[in-house]
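Since the structure comes first, as structure tokens, the remarks are kept for the end.
What you are looking at is a predicted structure, and each value in this text was computed from that prediction instead of being measured. Position 1 is the first residue of the sequence, and the numbers go up from there.
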Amino acid sequence: MKKIIITLVLTALTLTALTAKGKRKEFSQINSFELVKEMKTGWNLGNTLDANGSSGLNSQTSWGQPLTSKEMIEGIADAGFRTIRIPVSWSNHITGKNHKIDKEWLNRVKEIVDWAIDAELYVIINIHHDNYSSPSGIAYGQGYYPNMVSWNESMLFVKDVWTQISKTFNNEYDEHLIFELLNEPRLIGHQHEWWEAEGCNDCKYAAQTLNKLNQVALDAIRKSGGNNAKRFVMITGLAASPHSLLDFDNFVIPQDTEEGRLLISVHMYSPYSFAMENPGDTILKESHIKEVNATFEQLNEKFISKGLPVVIGEYGATNKNNTEERIKWFTNFISESRKYGMCCCLWDNGDWNAANTYAEKFGFYKRTEQNWYFPEIIEAIMKSCE
């Protein structure tokens, strides 16, 4: 009897220790639509863990952004954001066989994810800038490319990387951690890199290859078991373009072992002439608003109404020294998306100064000071979520 009591006490102490360390967290009964509603509105830690200007930990600052701190992450939560998307590139951190990822890099990614979880944020991590730059010649560890010429290396890269991510992030994380399979997978260097075209066979085959890569990635996640067996997973189409998903029938939802755990991910810098083109339009027109609203309506009809919630993984309007017009754009974008229960994650690359050019001026958060270049835009976003 004494031996049994001792065993029970030791077991209880072990379970208490595991709970205290947060080693196992149970998922709530939240469904996918409730999840996306709870995610509310998000922000991207852009040009940081996704930066690939060098290897090793120095890559974090290789694109000019400061080293991420816990205070920066807490500042995002304090501003009212409920979600943080943490884009991560991996190919510049491959150090061994089976696409082994540098341990220091995995630990650094985990550190930032844990800060975000501690700040009570929903967190999205992915495979980001690992789309190889050429349709041929892809070598070991250089990433993936959505064509069959590169299939073997692409498939192994995606499978091996997601296997390691899944091992690092599993039972310690509940539904607050979300996996996004691939970021803007596309035919880099092709004339239709960003815009799928009718009659483009390369586009069709790329979409078909991407369907297979999505399945490989999802299978690797589910195979890891534990909480990852039911982790919410975001699926992206060609170039993350709503156009590719809405206007073509090449996109296939991967087969899943869990029901109701997949989310559709798209990126929207719409309309291009106002939100991204340099110089493009600086005044928001009624036609711009109609284009954005029509896309949301179509996404709702094709996916949301059929049981697949949508997350806008990236969105934004570049600074053209037109803050008032941007406020109108953000107000409409967020309020309209929320009508359909979407969560939108603001793209922030840290570059805000439009003195010389309007190109890629998606800086919003003064990371080292924990305040905002355009506080009135952030205020508009938060008000539009209510």
Side-chain angles (χ1 to χ4, degrees), residues 17-27 44-45 48-52 55-60 67-70 73 83-130 140-141 143-144 155-183 213-214 216-236 256-258 261 263 265 313:
L18 286 173
T19 303
K21 293 179 182 178
K23 291 298 181 184
R24 181 173 289 276
K25 290 187 177 180
E26 297 299 324
F27 275 78
N44 273 272
L45 182 66
T48 306
L49 295 183
D50 55 319
N52 55 14
S55 59
L57 296 180
N58 289 333
S59 67
Q60 299 171 81
L67 203 63
T68 303
S69 67
K70 186 176 183 180
I73 303 301
T83 299
I84 182 169
R85 182 171 178 260
I86 303 177
V88 187
S89 297
W90 306 93
S91 54
N92 51 319
H93 302 283
I94 300 297
T95 60
K97 294 181 179 179
N98 299 318
H99 300 93
K100 181 176 174 59
I101 301 166
D102 175 53
K103 186 65 175 176
E104 279 193 326
W105 184 246
L106 274 170
N107 288 341
R108 176 57 173 161
V109 175
K110 188 176 187 302
E111 179 177 49
I112 295 175
V113 168
D114 288 348
W115 289 339
I117 295 293
D118 289 344
E120 300 183 347
L121 293 167
Y122 287 91
V123 182
I124 302 166
I125 58 174
N126 67 1
I127 288 180
H128 204 78
H129 288 306
D130 296 307
Y140 170 81
Y144 71 92
M155 179 271 294
L156 290 173
F157 177 88
V158 168
K159 183 182 75 171
D160 290 344
V161 169
W162 270 115
T163 296
Q164 292 171 82
I165 297 172
S166 299
K167 183 177 180 181
T168 303
F169 299 93
N170 198 335
N171 290 333
E172 192 175 344
Y173 303 90
D174 60 15
E175 71 277 2
H176 284 83
L177 180 63
I178 299 153
F179 290 162
E180 178 187 37
L181 299 183
L182 299 169
N183 170 74
L213 287 173
N214 280 337
V216 166
L218 181 62
D219 289 347
I221 292 166
R222 296 296 185 233
K223 186 178 180 181
S224 66
N227 282 357
N228 288 337
K230 54 186 176 180
R231 177 120 9 241
F232 288 100
V233 176
M234 292 164 58
I235 312 296
T236 309
D256 197 4
T257 54
E258 291 289 319
R261 294 284 159 171
L263 316 172
S265 174

Hydrogens and angles aside, do Glu180 and Ser265 bring a side-chain donor and acceptor to less than 3.5 Å of each other?
yes
We want to know whether His99 and Thr163 form a side-chain donor-acceptor pair, criterion being a heavy-atom distance below 3.5 angstrom.
no
Please confirm whether the backbone N or O of [Y] pairs with a side-chain atom of [X], one donor and one acceptor, at under 3.5 Å?
{"X": "Gln164", "Y": "Ile101", "value": "yes"}
{"X": "Asp118", "Y": "Ala116", "value": "no"}
{"X": "Ser89", "Y": "Asn52", "value": "no"}
{"X": "Trp90", "Y": "Ile165", "value": "no"}
{"X": "Asn98", "Y": "Lys100", "value": "no"}

Please report the closest heavy-atom contact between [X] and [Y], naming both atoms and the distance.
{"X": "Asn183", "Y": "Arg85", "answer": "OD1-NH2, 2.9 Å"}
{"X": "Val88", "Y": "Asp130", "answer": "O-OD2, 4.1 Å"}
{"X": "Leu181", "Y": "Asn214", "answer": "CD1-O, 3.5 Å"}

Out of Lys110, Lys25, Arg231, which residue meets the side-chain hydrogen bond (donor to acceptor under 3.5 Å, both in side chains) rule with Tyr173?
Lys110
Name all residues meeting the side chain to side chain contact (heavy atoms under 4.5 Å, CB included) criterion together with Asp256; count only those two or more places apart in sequence or in a different chain, and write none if there are none.
Leu218, Arg222, Glu258, Arg261, Leu262
In this structure, is the centre-to-centre distance between the rings of Trp162 and Phe179 below 6.0 Å?
yes
Less than 4.5 Å apart, side chain to side chain, heavy atoms only: is that true for Ile86 and Val109?
no
